Colleague: 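Before we start, here is the structure in question, set down as structure tokens.
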There are 2 protein chains.
Amino acid sequence: MVTKKKPSPKWRSGCPLNASVEILGDRWSLLIIRDMMLRGFRSYKEFLESYEGIATNILADRLRKLMAHGIITTGRDPLDGRKVIYSLTEKGIDLAPVLTEMVLWAAAHEKTENPGLVQLIQKDKEQFLAAARERWAGKTIAARAK
Amino acid sequence: MVTKKKPSPKWRSGCPLNASVEILGDRWSLLIIRDMMLRGFRSYKEFLESYEGIATNILADRLRKLMAHGIITTGRDPLDGRKVIYSLTEKGIDLAPVLTEMVLWAAAHEKTENPGLVQLIQKDKEQFLAAARERWAGKTIAARAK
DNA sequence: CTTTTAACTTGCATTTTGCAAGTGACTTAT
DNA sequence: ATAAGTCACTTGCAAAATGCAAGTTAAAAG
């Protein structure tokens with residue numbers, strides 16, 4: 001009888017926080033999700049040209065991983081066969097509270113910009129989250145209507 | 001005249017989320033904070049023996065970075081000169097909402113364990129956060145009393 | 001048909017991660 | 001007083017990840 005070191009081979013441990021950091025604990029994934037959620041980005045080029053200057057191979061790698069985890073889905077643009085359209089799934093939009101708390105924490109403790117976003121969240125966090133979900137739902141329905 | 005690419009040399013961008021992921025966006029930092037916050041860990045050995053099996057040099061590196069960012073502080077154990085005592089700062093305990101949302105997200109979307117923690121959070125998130133802060137405050141006062 | 005665009009892939013150098021062994025300071029046991 | 005053990009790391013090295021720069025393929029535009 002072998003005593004297995006890791007009961008769940010998928011994760012290093014069974015802790016839910018560990019699962020989160022194994023999926024999202026890098027310097028790019030949450031920024032990609034931010035751009036989809038808060039800026040409405042949907043294409044590789046948009047992500048590429050975001051604020052932080054991600055490398056092409058890293059972007060491709062992260063998008064692939066986010067798809068594998070079911071956080072985003074993809075489709076071809078029917079109007080332009082070259083384009084891939086990336087969208088958040090239900091699992092992906094459910095990350096909104098995580099992003100929101102990280103923004104609040106950094107705004108309280110680090111020198112950052114975009115005070116508008118911070119004030120929007122501080123004013124009414126629940127409303128901010130609801131609005132993010134509404135924008136997501138609108139896009140998702142619009143995508144299905146095509 | 002040189003046009004600087006990055007207005008804030010400290011961060012890749014001015015976005016607060018970016019600041020958070022530059023500090024916490026790896027697979028170990030938030031787990032160390034979890035162990036301090038939720039399990040009361042204070043020593044290098046305790047962190048080393050946690051669930052996920054961190055490497056000694058990585059643990060040392062992450063503790064050093066968390067100190068540099070003002071998220072934890074250190075002191076010597078007055079009863080044992082070999083021991084370093086690690087503690088969360090105000091900045092560190094303010095990460096509780098981030099950890100909480102990550103736990104909830106993973107519990108909702110991944111196969112994980114520790115349902116007790118998840119239910120505790122789901123039952124009353126604000127109470128859970130208040131209790132974490134109270135435990136932290138108690139330790140901090142006790143440490144000062146020595 | 002040629003040029004441009006979109007989404008990548010590739011080769012390679014650098015950096016990060018992690019294994020295994022080792023070190024110095026301190027405590028415990030003899 | 002000395003030897004053995006503990007604590008918190010450091011070190012050397014191999015493997016993996018990251019990121020730069022150039023390139024590729026498919027589709028659209030001219």
Side-chain angles (χ1 to χ4, degrees), chain A residues 5-6 9 11-13 18 21-33 35-36 39-69 72-87 146, chain B residues 5-6 9 11-13 18 21-33 35-36 39-69 72-87 146:
Chain A
K5 199 179 190 90
K6 296 178 173 62
W11 306 119
R12 296 174 300 187
S13 77
N18 176 72
V21 301
E22 287 204 53
I23 296 170
L24 302 165
D26 68 278
R27 285 151 40 96
W28 298 106
S29 297
L30 285 171
L31 297 182
I32 294 166
I33 294 164
D35 286 342
M36 297 177 81
R39 300 175 77 189
F41 285 9
R42 317 197 81 188
S43 73
Y44 182 95
K45 184 176 179 184
E46 289 175 306
F47 300 129
L48 198 55
E49 292 172 352
S50 193
Y51 305 124
E52 294 84 10
I54 191 170
T56 56
N57 54 321
I58 301 302
L59 176 54
D61 177 69
R62 294 303 186 271
L63 288 167
R64 186 177 54 76
K65 282 172 174 162
L66 289 171
M67 279 196 291
H69 284 294
I72 65 176
T73 59
T74 64
R76 282 283 165 176
D77 185 334
L79 302 179
D80 187 336
R82 293 172 296 183
K83 285 187 166 182
V84 177
I85 299 298
Y86 294 97
S87 307
K146 280 169 174 167
Chain B
K5 202 182 191 87
K6 295 179 175 61
W11 307 117
R12 295 174 300 187
S13 78
N18 177 72
V21 300
E22 287 205 55
I23 296 170
L24 302 165
D26 67 279
R27 287 151 38 98
W28 296 107
S29 298
L30 285 172
L31 298 182
I32 294 166
I33 294 164
D35 288 340
M36 296 177 82
R39 300 175 76 189
F41 285 8
R42 319 196 78 186
S43 73
Y44 183 96
K45 184 176 179 182
E46 289 175 307
F47 300 128
L48 199 54
E49 292 172 353
S50 193
Y51 305 123
E52 293 85 9
I54 192 171
T56 55
N57 55 321
I58 301 301
L59 177 54
D61 177 69
R62 295 304 186 266
L63 289 168
R64 185 177 54 76
K65 282 170 173 165
L66 289 171
M67 277 197 292
H69 284 294
I72 65 176
T73 58
T74 65
R76 282 283 163 176
D77 185 335
L79 303 179
D80 187 336
R82 293 170 297 181
K83 285 185 165 182
V84 177
I85 299 297
Y86 293 98
S87 307
K146 280 171 175 166

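From a predicted model like this one, the values you see are computed outputs, not experimental measurements. In what follows, chains carry the letters A, B, and so on, assigned in the order in which the sequence lines appear, proteins first and then strands, with residues in each chain numbered from 1. We use all heavy atoms of the structure for the numbers below, so side chains are in, but hydrogens, waters and symmetry mates are not.
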Colleague: Go nucleotide by nucleotide along DNA chain C from the 5' end; which of D61(B) and T56(B) gets its closest nucleotide reached first?
Modeller: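 It is D61(B) whose nearest nucleotide is closer to the 5' end.
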Colleague: Does the base of dT5(C) carry an N or O that pairs as donor and acceptor with the side chain of R82(A) under 3.5 Å?
Modeller: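 Such a pair exists between side chain and base.
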Colleague: With a distance cut-off below 6.0 Å to the six-membered ring centre and an angular limit of 45° from the axis, does R39(A) pair with Y51(A) as a cation-pi contact?
Modeller: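 Verdict for Y51(A): a cation-pi partner in R39(A).
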Colleague: Specify the separation, in whole Å, of atom CZ of F41(B) and atom P of dC7(D).
Modeller: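 Distance, rounded to whole Å: 14 Å.
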Colleague: Just the rounded figure in Å: distance from C1' of dT18(D) to CZ of R12(B).
Modeller: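 Roughly 12 Å, once rounded to whole Å.
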Colleague: Where the side chain of R27(A) is concerned, which of dC9(D), dG19(D), dG18(C) is the nearest nucleotide?
Modeller: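 The nucleotide sitting nearest to the side chain is dG19(D).
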Colleague: In whole Å, I'd like the distance from the CD1 atom of I85(B) to the C1' atom of dC7(D).
Modeller: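 Rounded to whole Å, this separation is 11 Å.
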Colleague: Of G81(A) and A60(B), whose nearest nucleotide on DNA chain D comes first from the 5' end?
Modeller: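 On the 5' side of the pair lies A60(B).
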Colleague: Return the value, rounded to whole Å, for the distance between atom CG of L79(B) and atom P of dC7(D).
Modeller: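 Rounded to the whole Å, the gap is 14 Å.
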Colleague: Can you tell me how far C1' of dT10(D) sits from CG of L63(B), to the nearest Å?
Modeller: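 Whole-Å distance recorded here is 14 Å.
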Colleague: When the distance from CZ of R76(B) to C1' of dT6(D) is rounded to whole Å, what number comes out?
Modeller: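 Distance, rounded to whole Å: 13 Å.
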Colleague: Can the positive tip of R12(B) be found less than 6.0 Å from the middle of the six-membered ring of W28(A), inside 45° of the ring normal?
Modeller: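 Output yes; distance and angle both within limits.
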Colleague: Can you see if the side chain of W28(A) gets near the phosphate of dT18(D) - specifically, an N or O under 4.0 Å from OP1 or OP2?
Modeller: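 No, W28(A) has no side-chain N/O under 4.0 Å of OP1/OP2 on dT18(D).
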Colleague: Which nucleotide in the set dT18(D), dA7(C), dT17(C) lies at the smallest distance from any side-chain heavy atom of V84(A)?
Modeller: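 Ranking dT18(D), dA7(C), dT17(C) by closest atom to the V84(A) side chain puts dA7(C) first.
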Colleague: Need one value for N57(B): base, sugar-phosphate or nothing, where a base atom within 4.0 Å counts as base even if backbone is also close, heavy atoms only.
Modeller: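 Contact class for N57(B): base.
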Colleague: Drop me the distance from D26(B)'s CG to I32(B)'s CD1, to the nearest 0.5 angstrom.
Modeller: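 That separation rounds to 7.5 Å.
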Colleague: How many whole angstroms separate atom CG of D77(A) from atom P of dA7(C)?
Modeller: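 It works out to 9 Å between those atoms.
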Colleague: Quick one: which of dA8(D), dG19(D), dG18(C) gets closest to the side chain of K83(B)?
Modeller: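 Of the options given, the side chain of K83(B) lies nearest dA8(D).
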Colleague: Atom OG of S29(B) and atom CG of L24(B): how far apart are they, to the nearest 0.5 Å?
Modeller: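 Reported to 0.5 Å precision, the distance equals 6.0 Å.
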Colleague: Taking 4.0 Å as the cut-off, does a side-chain nitrogen or oxygen of R62(A) come that near to OP1 or OP2 on dT18(D)?
Modeller: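 Looking at the OP1 and OP2 atoms of dT18(D), one of them is under 4.0 Å from a side-chain N or O of R62(A).
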Colleague: Ignoring backbone atoms, establish whether K45(A) has a side-chain N or O less than 4.0 Å from OP1 or OP2 of dA6(C).
Modeller: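 Yes.
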Colleague: If I take atom CG in residue L48(B) and atom P in nucleotide dC19(C), what distance separates them, rounded to the nearest angstrom?
Modeller: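 Those two atoms, CG and P, are 11 Å apart.
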Colleague: Please figure out whether G53(A) or D80(A) has its closest DNA chain D nucleotide nearer the 5' end.
Modeller: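 Upstream on the strand: G53(A).
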Colleague: Check for a donor-acceptor pair, side chain of R76(B) on one end and backbone N or O of G81(B) on the other, with a separation under 3.5 Å.
Modeller: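 Indeed, once roles are kept as given, a pair shorter than 3.5 Å links the two residues.
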